[in-house]
Visitor: 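Submitted below is the structure of interest, expressed as structure tokens.
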Amino acid sequence: MTLRKKIFASVFFLLCSFSSGLYAAAGFDHSAWDAFLKKNVNESGEVDYRSITKDPKELNDYLASLMAVPEMELTSWPREETLAFWLNAYHAVSIKLVADNYPVASVQNIPSFWDIAAFHLGDIKKGQRQYSLNDIREKSLIGVYHDEKIHLALSVAAKSGPKLRPRHLQVPKWKGSCSF
């Protein structure tokens with residue numbers, strides 16, 4: 001191999017490595033979720049489930065985009081990006097479960113609400129790990145990050161619990177701050 005080919009191969013390898021690192025650091029684009037929340041959640045944190053049940057496409061598309069992320073890719077993201085991913089996924093799944101059972105007076109009236117396996121990562125395969133709201137909260141959030149602010153960020157789809165914000169959770173809003 002000539003010196004010129006060696007240099008070209010080295011530069012090509014470095015560029016490929018650098019660009020994959022940029023992709024991993026970029027995290028996930030939650031702009032579709034942000035648009036959905038602005039359209040369906042008011043400033044008081046009330047979700048318009050009636051509108052969502054009439055047109056669930058935005059919610060279903062956002063959930064599909066979350067579930068398309070391979071688990072191995074997610075593990076390569078920075079801590080704050082992964083945290084924002086799981087917090088937004090938790091809220092999207094909870095809205096989906098309530099919308100699927102609408103009208104319902106309380107999530108307590110939905111059998112096994114917290115334990116319904118409604119989320120997965122990557123292509124669906126037999127035996128693939130499925131996530132419930134309890135799994136996301138306990139195993140992917142609190143069990144990993146050990147941060148008491150997570151409890152404040154999680155809406156429990158109840159009038160008495162923390163309210164859902166009409167915007168997605170972002171890394172700069174989370175890191176070192178209680179302003180979600």
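Fair warning: this is a prediction, and the values are worked out from it, not measured in the lab.
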Visitor: Is the side chain of H30 donor-acceptor paired with the backbone N or O of A32 at a distance under 3.5 Å, no angle test?
Guide: no
Visitor: Any donor-acceptor pair under 3.5 Å linking the side-chain atoms of S31 with those of D34?
Guide: no
Visitor: F28 vs W77 aromatic rings, parallel, tilted or perpendicular, using cut-offs 30° and 60°?
Guide: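 Taking W77 first and then F28, their aromatic rings sit tilted (interplane angle of 30° to 60°).
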Visitor: From F36 CZ over to N88 CG, what is the distance, rounded to the nearest 0.5 angstrom?
Guide: 12.0 Å
Visitor: Does a side-chain heavy-atom distance below 4.5 Å link V156 with V107?
Guide: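 When only atoms from C-beta onward are counted, V107 and V156 do not touch, as no gap falls below 4.5 Å.
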Visitor: Working note: I95 + Y62, criterion side-chain contact (heavy atoms from CB on, under 4.5 Å); need CA distance, chi angles, decisive distance, verdict.
Guide: CA-CA 12 Å; I95 289 175; Y62 177 70; over 6 Å; no
Visitor: Mind checking the NZ-CG spacing from K149 to L154? Nearest 0.5 Å is all I need.
Guide: 13.0 Å
Visitor: Begin with the C-alpha distance, continue with both residues' side-chain angles, and end with the deciding distance and a verdict on side-chain hydrogen bond (donor to acceptor under 3.5 Å, both in side chains) for N134 and D115.
Guide: CA-CA 6 Å; N134 271 337; D115 295 315; 2.7 Å; yes
Visitor: When you compare the side chain of W114 with that of Q108, does any pair of heavy atoms fall below 4.5 Å?
Guide: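 Q108 vs W114: side chains touch.
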Visitor: Around R129, counting heavy atoms of other residues, nucleotides and ligands shown, do more than 12 lie under 6.0 Å from its CZ?
Guide: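 Enclosed: over 12 neighbouring heavy atoms sit under 6.0 Å from CZ of R129.
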Visitor: Using modelled atom types only, decide if a donor and an acceptor are shared between the side chain of H168 and the backbone of D29 within a distance under 3.5 Å.
Guide: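 Here the side-chain-to-backbone pair does not exist.
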Visitor: For a quick test of reading the model, state the closest non-hydrogen atom pair linking Y131 to I136 and the distance between them.
Guide: CB-CG1, 3.9 Å
Visitor: Please lay out, stage by stage, how V98 and F113 fare under the test side-chain contact (heavy atoms from CB on, under 4.5 Å).
Guide: CA-CA 9 Å; V98 173; F113 178 78; 3.9 Å; yes
Visitor: Mind listing the closest non-hydrogen atom pair of L141 and L83 along with its distance?
Guide: CD2-CD1, 3.6 Å
Visitor: NZ of K38 to CD of E43: how many Å apart, nearest 0.5 Å?
Guide: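 Rounded to the nearest 0.5 Å, the NZ-CD separation comes to 10.0 Å.
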Visitor: List the atom of A118, the atom of V93, and the distance in Å for their closest heavy-atom pair.
Guide: CB-CG1, 4.0 Å
Visitor: Please check if the side chain of D55 supplies one atom and the backbone of S51 the other of a donor-acceptor pair under 3.5 Å.
Guide: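 Checked: no pair found.
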Visitor: For the residue pair F85 and W33, is the inter-centroid distance of their aromatic rings smaller than 6.0 Å?
Guide: no
Visitor: Determine, stepwise, if the pair L133 / F119 fulfils side-chain contact (heavy atoms from CB on, under 4.5 Å).
Guide: CA-CA 9 Å; L133 289 172; F119 190 78; over 6 Å; no
Visitor: Please tell me whether E46 and N42 have a donor and an acceptor in their side chains that are separated by less than 3.5 angstrom.
Guide: yes
Visitor: CG/L121 to CD/Q130 distance, rounded to the nearest 0.5 angstrom?
Guide: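 Nearest 0.5 Å value for the CG-CD distance: 9.5 Å.
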Visitor: Does K39 form a side-chain contact (heavy atoms from CB on, under 4.5 Å) with E58? I'd like the steps, not just the answer.
Guide: CA-CA 10 Å; K39 179 178 168 184; E58 283 180 290; 2.9 Å; yes
Visitor: I need the S132 OG to K139 NZ distance, nearest 0.5 Å.
Guide: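 Here the rounded value is 7.0 Å.
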Visitor: Check whether more than 12 heavy atoms from other residues, nucleotides or ligands sit under 6.0 Å from atom CG of N109, and answer yes or no.
Guide: yes
Visitor: When rounded to the nearest 0.5 angstrom, what is the spacing between OG in S140 and OH in Y145?
Guide: 8.0 Å
Visitor: If you look at every heavy atom in P111 and I116, which pair is closest and at what distance?
Guide: O-CD1, 3.8 Å
Visitor: On a heavy-atom basis, which atom in R165 and which in L37 lie closest, and how many Å separate them?
Guide: O-CD1, 3.9 Å
Visitor: Taking all non-hydrogen atoms of both residues into account, name the closest pair between A99 and T53 and its distance.
Guide: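 What the structure gives for the nearest pair is O-CG2, 3.2 Å.
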Visitor: For residues E148 and I142, determine if any side-chain heavy atom of one lies less than 4.5 Å from a side-chain heavy atom of the other.
Guide: no
